[in-house]
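Note that the coordinates shown come from a computational prediction; the quantities given were computed from them, not determined experimentally.
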There are 2 protein chains.
Amino acid sequence: MTLPIAHAPNVYLVDDDEAIRDSLSWLFQSCGITCQTYASAEDFLSAWNSERTGCVLLDIRMEGMSGPELFNLLRERGSTLPVIFLTGHGDVPMAVSALKKGAFDFVEKPCNDNELVDRVIEALKLDASQRAATSSADSVNARIAELTTRERQVMELVLAGKFNKVIADELQISMRTVEVHRANLFDKMGVKTAVELAQMLTGRR
Amino acid sequence: MTLPIAHAPNVYLVDDDEAIRDSLSWLFQSCGITCQTYASAEDFLSAWNSERTGCVLLDIRMEGMSGPELFNLLRERGSTLPVIFLTGHGDVPMAVSALKKGAFDFVEKPCNDNELVDRVIEALKLDASQRAATSSADSVNARIAELTTRERQVMELVLAGKFNKVIADELQISMRTVEVHRANLFDKMGVKTAVELAQMLTGRR
DNA sequence: CGACGTATTGGGGTTATCCACAATAGGGAA
DNA sequence: TTCCCTATTGTGGATAACCCCAATACGTCG
């Protein structure tokens with residue numbers, strides 16, 4: 001078992017069958033994909049934290065916590081890590097339920113090595129793009145968090161397309177004060193115009 | 001078979017088994033859901049047009065065109081109609097493939113009536129919300145289409161947060177002309193401020 | 001040819017925005 | 001208590017945006 005590489009894309013293989021762990025682990029390593037293996041859902045959970053990037057290959061039926069249970073737990077904890085289910089004895093409702101809950105794929109063992117690697121690569125790509133999206137969203141949220149209450153209030157009204165005069169009126173403060181808050185929040189948000197602010201915030205919120 | 005109701009949400013049931021058509025048709029009608037039945041994919045296709053709202057219940061294995069083939073064809077033709085696959089002899093790869101291609105659900109026959117109705121209701125809701133989203137996007141696109149070339153050019157630069165002076169410079173026209181185009185395009189787009197325009201267009205384009 | 005739409009520009013005035021300089025006041029941390 | 005952050009307001013000027021009135025030029029469609 002390879003040592004985890006921090007912040008590097010990895011495949012986390014969770015399966016209680018040692019033969020599977022060994023053979024798939026070898027498969028991924030031989031493709032240049034770092035792979036960590038876990039013999040149980042509990043083992044994976046104790047090693048997991050939200051910083052881990054990559055994707056999960058998850059057996060359905062295991063001693064202790066099952067694959068779907070682990071999957072649900074990860075989603076409850078806010079993880080968006082792509083999960084590919086692996087199963088030797090899956091049925092249609094199980095597959096449908098997994099995919100509808102957001103699993104990335106559902107593969108029956110034994111499976112074609114090349115296809116599995118392809119699916120893993122797709123999953124790694126998805127994780128990378130999701131993380132890029134979240135991190136840009138996070139930086140925006142961090143900036144919003146730095147605003148004072150007044151600045152946030154002014155921002156809302158600016159985004160509503162209102163004039164400083166109207167904003168001053170609604171907040172019961174002078175126009176000059178609105179101008180100051182406006183300038184400060186533009187500064188903190190890293191924009192120079194209201195249009196940039198709108199583009200930065202439209203969609204979220 | 002009930003006559004199609006134009007622009008009303010309907011269930012389109014495509015199955016070559018008359019007994020299924022009759023029983024499910026009765027089920028939906030009794031729940032107040034309009035249902036049209038088709039004995040083949042070809043029958044459905046000849047009746048289908050992109051105006052039809054609702055969802056499709058689609059058998060997998062049929063004489064002639066199969067369910068998945070019809071599904072692919074609909075997607076190719078730009079339909080986003082939610083499709084629920086119905087099958088008596090489905091396997092896991094088939095279910096996985098269907099869902100990953102965007103099927104709404106994949107249900108094995110015989111199925112629980114209440115669950116099926118629930119799934120259909122969810123699908124109808126999805127269709128309605130998708131249509132609402134598309135129609136608002138369409139109206140925006142229609143407005144953009146009404147703009148003259150110059151107006152579109154000016155709009156781009158306004159959305160880039162540039163001053164009229166800079167826009168005039170880049171387009172090699174006078175500031176006054178930019179102001180005119182700007183006012184006209186705001187008018188055509190139905191907005192009063194650049195912020196509203198940005199919110200209307202951010203995300204698309 | 002004349003009407004219409006589009007693109008262009010100018011004058012001149014009002015309103016809004018942006019900013020620099022300057023100041024008062026209350027709450028919390030050192 | 002002093003320092004810092006936040007909120008507040010004022011004066012005054014530079015810049016940008018918004019609008020009314022008015023006009024020229026080009027191409028298309030009856």
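An OP1 or OP2 oxygen of dT8(C) is reached within less than 4.0 angstrom by a side-chain nitrogen or oxygen of Arg150(B). Between dA17(D) and Asn164(B), a contact under 4.0 Å exists linking OP1 or OP2 to a side-chain N or O. Dashed line: the shortest gap from a side-chain N or O of His181(A) to OP1 or OP2 of dT6(D) is not under 4.0 Å. Phosphate proximity of dA16(C) to Lys165(A): present, with a side-chain N or O under 4.0 Å from OP1 or OP2.
Between the side chain of Glu63(B) and the main chain of Ser40(B), no donor-acceptor pair closer than 3.5 Å is present. In terms of modelled atom types and a separation under 3.5 Å, the side chain of Gln199(A) and the main chain of Ala198(B) share no donor-acceptor contact.
Rounded to whole Å, the distance from CG on Asp187(B) to P on dC20(D) is 11 Å. Atom CZ in Arg182(A) sits about 18 Å away from atom C1' in dA7(D), given to the nearest Å. Rounded to a whole Å, the CD1 atom of Ile173(B) is 18 Å from the P atom of dA25(D). Atom CG in Asn184(B) sits roughly 11 Å away from atom C1' in dG5(C) (whole-Å rounding). The distance from atom CD of Gln172(B) to atom C1' of dA7(C) is 15 Å, rounded to the nearest whole Å. The nearest whole Å value for the distance from the CG atom in Leu185(B) to the P atom in dA17(D) is 13 Å. Following rounding to the nearest Å, Glu179(A) (CD) and dT6(D) (C1') show an atom-to-atom distance of 18 Å. Atoms CD1 (Ile167(A)) and P (dT9(D)) sit 14 Å apart, rounded to a whole Å.
Within 4.0 Å of Thr177(B), counting heavy atoms only, lies at least one base atom of the nucleic acid. Nucleic acid contact class of Thr148(A) (heavy atoms, under 4.0 Å, all strands): sugar-phosphate only. Using a 4.0 Å heavy-atom cutoff across all strands shown, Arg176(A) reaches at least one base atom of the nucleic acid.
Proximity of Lys188(B) to Thr148(B): side-chain heavy atoms (C-beta onward) are separated by under 4.5 Å at one or more points.
Checking dC18(D), dA7(C), dT8(D) against every side-chain atom of Thr149(B), the shortest atom distance belongs to dA7(C). Listed nucleotides: dC18(D), dT17(C), dT8(D). Nearest to the side chain of Val180(A): dT8(D).
Relative ring orientation between Tyr12(A) and Tyr38(A) is described as tilted, the plane-to-plane angle lying within the 30° to 60° band.
The environment of Lys165(A) atom NZ is sparse: at most 12 non-hydrogen atoms of other residues, nucleotides or ligands sit within 6.0 angstrom.
DNA chain C is contacted by both Leu171(B) and Lys162(A); Leu171(B) maps to the nucleotide lying nearer its 5′ end (nearest heavy atom per residue).
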